[in-house]
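Protein chains get the first letters and strands the later ones, always in sequence-line order, with residue 1 at the start of each. All figures in this text were calculated on a predicted structure; none of them were measured in a lab.
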Number of protein chains: 2
Amino acid sequence: MPLPQTEMPGRLQAYCAERGIRMTQQRRAILRVMETASKHLDAAQLLRKAQKLDASVDRSTVYRTLRLLKRQGLIDELDLMHIHGEGHYYERKLNRDHIHMACLRCGKIMEFVSDIFEKLKGQVEKDCRFRIVVSRLEIGGYCANCSK
Amino acid sequence: MPLPQTEMPGRLQAYCAERGIRMTQQRRAILRVMETASKHLDAAQLLRKAQKLDASVDRSTVYRTLRLLKRQGLIDELDLMHIHGEGHYYERKLNRDHIHMACLRCGKIMEFVSDIFEKLKGQVEKDCRFRIVVSRLEIGGYCANCSK
DNA sequence: ATCTAGTTGCAAATCGGTCGCATCTGGTAC
DNA sequence: GTACCAGATGCGACCGATTTGCAACTAGAT
């Protein structure tokens, strides 16, 4: 178990191979960007970064690939409280769900892992007899700095 | 305390009056629709229903009014996991925050109030020194019926 | 090397939401 | 009640995000 918090680099491609998903030049570029991204990317940023690896990558291919990865449950789609425009942000789904907090003043995005969140999801599954596939908790407010 | 779970009908207009918000024919129609809606409405549905009360209501007025109510903290904006399209849904903000669950198969939307959710928000405020203004927990999965 | 189902780039279309502007109106002041 | 004006409206054009139709291309099985 070399990397506890995150997944192995290259792991998205491995998942796709396991599931018999055809690997193209363009998808390789997009997956590499997703794997190495340090922050949440929207579709436009993802496109720009992917085109640096393979200039032929088209906008529609980015969207099609995002849809594919979403369907496979390999990435999560976020709004981040629509701090900038109406678009979406994407991140690899890791082992542990986390909460996203967006500061309404400085725009900073924070993440937080909580056992209480896990407990809450457990309660929903049990009390509502609801089988959870994906969950998203986003919070808007003011970070420590901006609250002052 | 006549109505425990929900607010008094007509209450949105009362709030607006208290805050010195100008009340127009069109806003009255839109607020009335929001107040009497039995389910979550998107902007297009809200427009159609409001036009039945006042045919002059325009699409842009609906959006402008929604923005106003959002800024005033009188309504919440939801995605409902984008079950139908990319748009947003709206609901009056009630006393108690609640979780939204969307069944990925039948499309049913369920709501759930939980003390654990309140506890989780408390933890975020304390541990992250983050002042919460708005929070949204949406869950996608399969309801009891569709899990079978 | 061949074949084909699946993928791509491109351009046009769609969709949810916003904006500029001339006109209208709610509600206060007289 | 009338006049007034800041703020609200309808209209149509616009915008950014995402999707689609289609002909050309390619990964990977045979």
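- Residue A/His88 has no polar side-chain atom (N or O) positioned under 4.0 Å from OP1 or OP2 of D/dA17.
- For the segment residues 77-87 of chain B, the set of residues with a heavy atom within less than 4.0 Å of an atom of DNA chain D is empty.
- Rounded to a whole Å, the CG atom of A/Leu47 is 12 Å from the P atom of D/dT18.
- Side chain to side chain, A/Glu138 and A/His100 fail the donor-acceptor criterion of an N or O pair below 3.5 Å.
- Across D/dT18, C/dG27, C/dG17, the shortest atom-to-atom separation from the side chain of B/Met23 is found for C/dG27.
- Across its full length, the helix from C/dA1-D/dT30 to C/dC30-D/dG1 shows an angle of 30° between the axes of its 5 terminal pairs at either end, rounded to 10 degrees.
- Electrostatic pairing of B/Arg136 and B/Asp79 counts as a salt bridge here, judged by a charged N lying under 4.0 Å from a carboxylate O.
- To the nearest angstrom, P of C/dG6 lies 12 Å from CZ of A/Arg71.
- Within the 4.5 Å cutoff, the side chain of B/Leu53 has no heavy atoms near those of the B/Arg28 side chain.
- Judged purely by distance below 3.5 Å, without hydrogens or angles, the side chains of A/Glu111 and A/His40 pair a donor atom with an acceptor atom.
- A/Arg129 contributes atom CZ, which lies 9.0 Å from atom SG of B/Cys143 (distance to the nearest 0.5 angstrom).
- Rounded to whole Å, the distance from CG on B/Leu41 to P on C/dG17 is 13 Å.
- Rounded to whole angstrom, the span from the OH atom of B/Tyr89 across to the P atom of C/dC15 amounts to 14 Å.
- Every residue two or more places apart in sequence or in another chain that forms a side chain to side chain donor-acceptor pair (under 3.5 Å) with A/Ser60 is listed here: A/Asp58, A/Arg64.
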For each nucleotide in nucleotides 1-14 of chain D, reading 5' to 3', give B when a protein heavy atom comes within less than 4.0 Å of its base, S when such contact involves only the sugar-phosphate, and - otherwise.
-----BBSBBB-B-
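- The residue A/Ala44 sits apart from the nucleic acid: no heavy atom pair falls under 4.0 Å.
- Per the geometry, CG belonging to A/Leu31 stands 13 Å off P belonging to C/dT7, to the nearest Å.
- A cation-pi arrangement is present between A/Arg11 and A/Tyr15, with the terminal nitrogen or guanidinium carbon under 6.0 Å from the aromatic centre and inside a 45° cone about the axis.
- Closest heavy-atom contact between B/Val57 and B/Leu47: O-CD1, 3.8 Å.
- Hydrophobic clustering, defined by side-chain heavy atoms of Ile, Leu, Val, Met, Phe, Trp and Tyr closer than 4.5 Å, groups B/Leu137 together with A/Ile99, A/Met101, A/Met110, A/Phe112, A/Ile116, A/Phe117, A/Leu120, A/Val124, A/Phe130, A/Ile132, A/Leu137, A/Ile139, B/Ile99, B/Met101, B/Met110, B/Phe112, B/Ile116, B/Phe117, B/Leu120, B/Val124, B/Phe130, B/Ile132, B/Ile139.
- A donor-acceptor contact closer than 3.5 angstrom is absent between the side chains of A/His82 and A/His88.
- Of the possible polar contacts, one joining the B/Arg19 side chain to the B/Gln72 backbone as a donor-acceptor pair under 3.5 Å is found.
- Side chains of A/Ser56 and A/Gln25: no donor on one and acceptor on the other come within 3.5 Å.
- Look at A/Tyr63 and you'll find a side-chain N or O under 4.0 angstrom from OP1 or OP2 of D/dT18.
- Just one residue in the list B/Lys70, B/Arg71, B/Lys93, B/Arg92 forms a salt bridge (charged side-chain N to carboxylate O under 4.0 Å, His left out) with B/Glu77, and that residue is B/Lys70.
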Pairs: protein N or O with nucleotides 22-24 of chain C N or O, under 3.5 Å:
none

Would A/Glu35 and A/Gln13 count as a side chain to side chain contact (heavy atoms under 4.5 Å, CB included) if you check the C-alpha gap in whole Å, the side-chain angles of each, and the deciding distance to 0.1 Å?
CA-CA 9 Å; A/Glu35 276 156 2; A/Gln13 285 190 48; 4.2 Å; yes
